[in-house]
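Worksheet: one structure, shown below.
Values reported hereafter were calculated over all heavy atoms of this structure, with side chains retained and with hydrogens, waters and symmetry mates removed.
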Amino acid sequence: MHPFPRVPGHRFLHSPGPSHVPDEVNHAISRQPIDMADPRLDVVIASCEQNLRTLLSTQVADVFVYAANGHGAWEAVIVNLVGPGQSVLVPGTGHFSAGWAEQCEAMGARVIGTPWIEGAPIDAAVVEQVLRDDKEHTIVAVFAVHTDTASSVTSDIAALRKAIDAAGHPALLVVDVVASLGTVPFEMDELGVNVVLGASQKGLMCPPGLGFAAADARAMAVCEQVQTPRFYWDWRLRKSPFAYRKFCGTPPQTLLFGLEVALRLILEEGVSQVLQRHRLVTDLVHAAVTSWSQEGDVGFFAADPAARSTAVTAIRVADGIDVEALRALARERFQVSIAGGLGPLQGRVFRIGHLGDTNAAMVMACLAGVQAAMAVQQIRFGPGGLDAAAARLARG
């Protein structure tokens, strides 16, 4: 017998990445690769670059796409902006800010952090004070995670820009939008963000495998001066009209075919409509969790409702609850795949992804599977979770 027998119907994928991939994207990535000299490949690449600019709301940034995941995009940003021994400020947001900081240190940078308060977003006032204290302007960049996928907390990037400006500090503002892009408004130029990085497997509705960075003129000027040894990640080499130079070799064609279609689907739906859809499905999840939390065994991990992500919701559980058993039950018996906790939150939360190619019916099915799994596990939760979500859906 096959170890993974076919399951009739649809298995619901509600991790915060990989997310559900539309049929149109799956069909696109099944296409035969083409000759690297075929001009149609250049058209695909140019479309991906321009549509990423459109989604990021930037008219000026250079866009670089990599055969890499988000950690690869982190590394690209580090080597192009931070020289050996230079300092970066990484405000604490949880697991992913800690990971980015660790990667910076491994690559020879000096990291200055700010404390992470569980369930809270970045404190812009603390960032401002750290920058004011840096009288010699040794900090070259602020590396901020917009939405921490592990904690489901979204931070205020406009507040960070104001903090940097209020401190009169020249540090670049670099933002990780891996979990936020396509789920919440983000306007790179208007926010004054110098560099943005992201990946394909979340709000962009693609399989894992592509990372990207977008850099403005200030960031590109820093890139020209940084002494870090680099080749594959080097923006200077990749800023080229030739496909093989843009990708430091053979482009990941099939993934690019998929990204081209995914971005087109987003823009055809309309960015504002995409964001409204994410707001609706997030409200369904939040309505259910609010009802579930009335009995005390489960509740929101993100303390501030205004900072709760429109991509993923982390749900804390009481001590003694086996999160992995809950996930396995939801996946194998009720055909709903959800995520567990990461880093310091392992065993303390489970996470429902509600981003990318998703709609209200899919989220309602996910909530039903999660609620059924909690009932089987005899986890205490308040009644009316599904009713609350349905009532919110009925309001439109």
Q) Crowded around Asp35 CG? As in, over 12 foreign heavy atoms under 6.0 Å? A) yes

Q) Any side-chain heavy atom of Leu342 sitting closer than 4.5 Å to one from Arg351? A) yes

Q. Can a donor-acceptor pair be found between the side chains of Asp176 and Trp100 at a distance below 3.5 Å?
A. no

Q. Are side-chain N/O atoms of Thr313 and His286 paired as donor and acceptor at under 3.5 Å?
A. yes

Q. In terms of hydrophobic clustering (I, L, V, M, F, W, Y; side-chain heavy atoms under 4.5 Å; direct or indirect links), are Trp74 and Phe212 co-clustered?
A. no

Q | Linked, directly or transitively: Ile45 and Ile266 (ILVMFWY side chains, under 4.5 Å) | A | yes

(Q) Do Arg31 and Phe257 form a cation-pi contact, if we require the NZ or CZ to be under 6.0 Å from the six-membered ring centre and within 45 degrees of the ring's axis? (A) yes

Q. Would Val145 and Ser155 satisfy side chain to side chain contact (heavy atoms under 4.5 Å, CB included), going step by step from the backbone distance to the final call?
A. CA-CA 8 Å; Val145 177; Ser155 293; over 6 Å; no

Q: Would you mind reporting whether Trp235 and Val77 have side-chain heavy atoms less than 4.5 Å apart?
A: yes

(Q) A cation-pi test, strictly: NZ or CZ of Arg308 under 6.0 Å from the centre of the six-membered ring of Phe300 and no more than 45 degrees from its axis. Yes or no? (A) yes

Q. Are any of the side-chain heavy atoms of Leu267 and Asn51 separated by less than 4.5 Å?
A. yes

Q: Could you walk me through whether Leu197 and Val177 pass side chain to side chain contact (heavy atoms under 4.5 Å, CB included), step by step?
A: CA-CA 6 Å; Leu197 66 96; Val177 297; over 6 Å; no

Q. CD1 of Ile117: more than 12 outside heavy atoms within 6.0 angstrom?
A. no

Q: Please determine if Arg218 and Asp216 form a salt bridge, counting it only when a charged side-chain N lies under 4.0 Å from a carboxylate O.
A: no

**Q.** Test of ring centre spacing under 6.0 Å for His137 and His169
**A.** yes

**Q.** Pair His354 and His20, ring centroids less than 6.0 Å apart
**A.** no

Q.
Once you measure the plane-to-plane angle for Phe12 and His10, does it fall in the parallel (<30°), tilted (30-60°) or perpendicular (>60°) bin?
A. perpendicular

**Q.** Full working for side chain to side chain donor-acceptor pair (under 3.5 Å) between Asn80 and Arg230
**A.** CA-CA 8 Å; Asn80 281 291; Arg230 60 206 133 131; 3.1 Å; yes

Q | Mutual orientation of the aromatic rings belonging to Tyr66 and Trp233 [parallel < 30°, tilted 30-60°, perpendicular > 60°] | A | tilted

Q. Should we count CD of Glu268 as having more than 12 external heavy atoms under 6.0 Å?
A. yes

Q.
Main chain of Gly209, side chain of Asn69: is a donor-acceptor contact present, judged purely on distance under 3.5 Å?
A. no

Q. Distance-only, no hydrogens or angles: does the Arg238 side chain make a donor-acceptor pair with backbone N or O of Val65 under 3.5 Å?
A. yes

**Q.** Within 6.0 angstrom of Glu324 CD, more than 12 heavy atoms from elsewhere
**A.** yes

Q. With distance as the sole test, does Ser152 use its side chain to make a donor-acceptor pair with the main-chain N or O of Ala314 at under 3.5 Å?
A. yes

Q: Apply side chain to side chain contact (heavy atoms under 4.5 Å, CB included) to Asp297 and Val317, showing your working.
A: CA-CA 6 Å; Asp297 271 0; Val317 300; over 6 Å; no

Q | Intermediate values then yes/no, side chain to side chain donor-acceptor pair (under 3.5 Å), Gln371 and Trp292 | A | CA-CA 9 Å; Gln371 183 167 306; Trp292 292 342; 2.8 Å; yes

Q | Ser240 vs Arg245, side chain to side chain donor-acceptor pair (under 3.5 Å): CA-CA, chis, key distance, verdict | A | CA-CA 6 Å; Ser240 169; Arg245 288 184 177 169; 4.6 Å; no

Q) For Leu259, which of Cys48, Pro207, Ser47 qualifies under side-chain contact (heavy atoms from CB on, under 4.5 Å)? A) Cys48

Q: Compare all side-chain heavy atoms of Leu89 with those of Val127 and state whether any distance is below 4.5 angstrom.
A: yes

Q.
With rounding to the nearest 0.5 angstrom, report the CD1 to CD distance, Ile157 to Glu187.
A. 13.5 Å

Q.
With a 4.5 Å cut-off on side-chain heavy-atom distances among I, L, V, M, F, W and Y, is there a chain of contacts connecting Ile78 to Val175?
A. no

**Q.** Any side-chain heavy-atom pair of Val130 and Ile112 under 4.5 Å
**A.** yes

Q.
Within the structure provided, determine whether Val370 and Ile338 are in side-chain contact (heavy-atom separation under 4.5 Å).
A. yes

Q. Taking a hydrophobic cluster as the set of Ile, Leu, Val, Met, Phe, Trp and Tyr residues connected by side-chain heavy atoms closer than 4.5 Å, whether directly or through intermediates, do Val184 and Met205 fall within one such cluster?
A. no

Q | Backbone N/O of Ala311 and side chain of Ser309: donor-acceptor pair under 3.5 Å | A | yes

Q | Worked check of side chain to side chain donor-acceptor pair (under 3.5 Å) between Ser337 and His14 | A | CA-CA 5 Å; Ser337 293; His14 286 276; over 6 Å; no

(Q) Using the rule given for side chain to side chain contact (heavy atoms under 4.5 Å, CB included), can you reason through Val281 versus Val363, listing the C-alpha separation, both sets of side-chain angles and the distance that settles it, and then say yes or no? (A) CA-CA 7 Å; Val281 296; Val363 169; 3.8 Å; yes

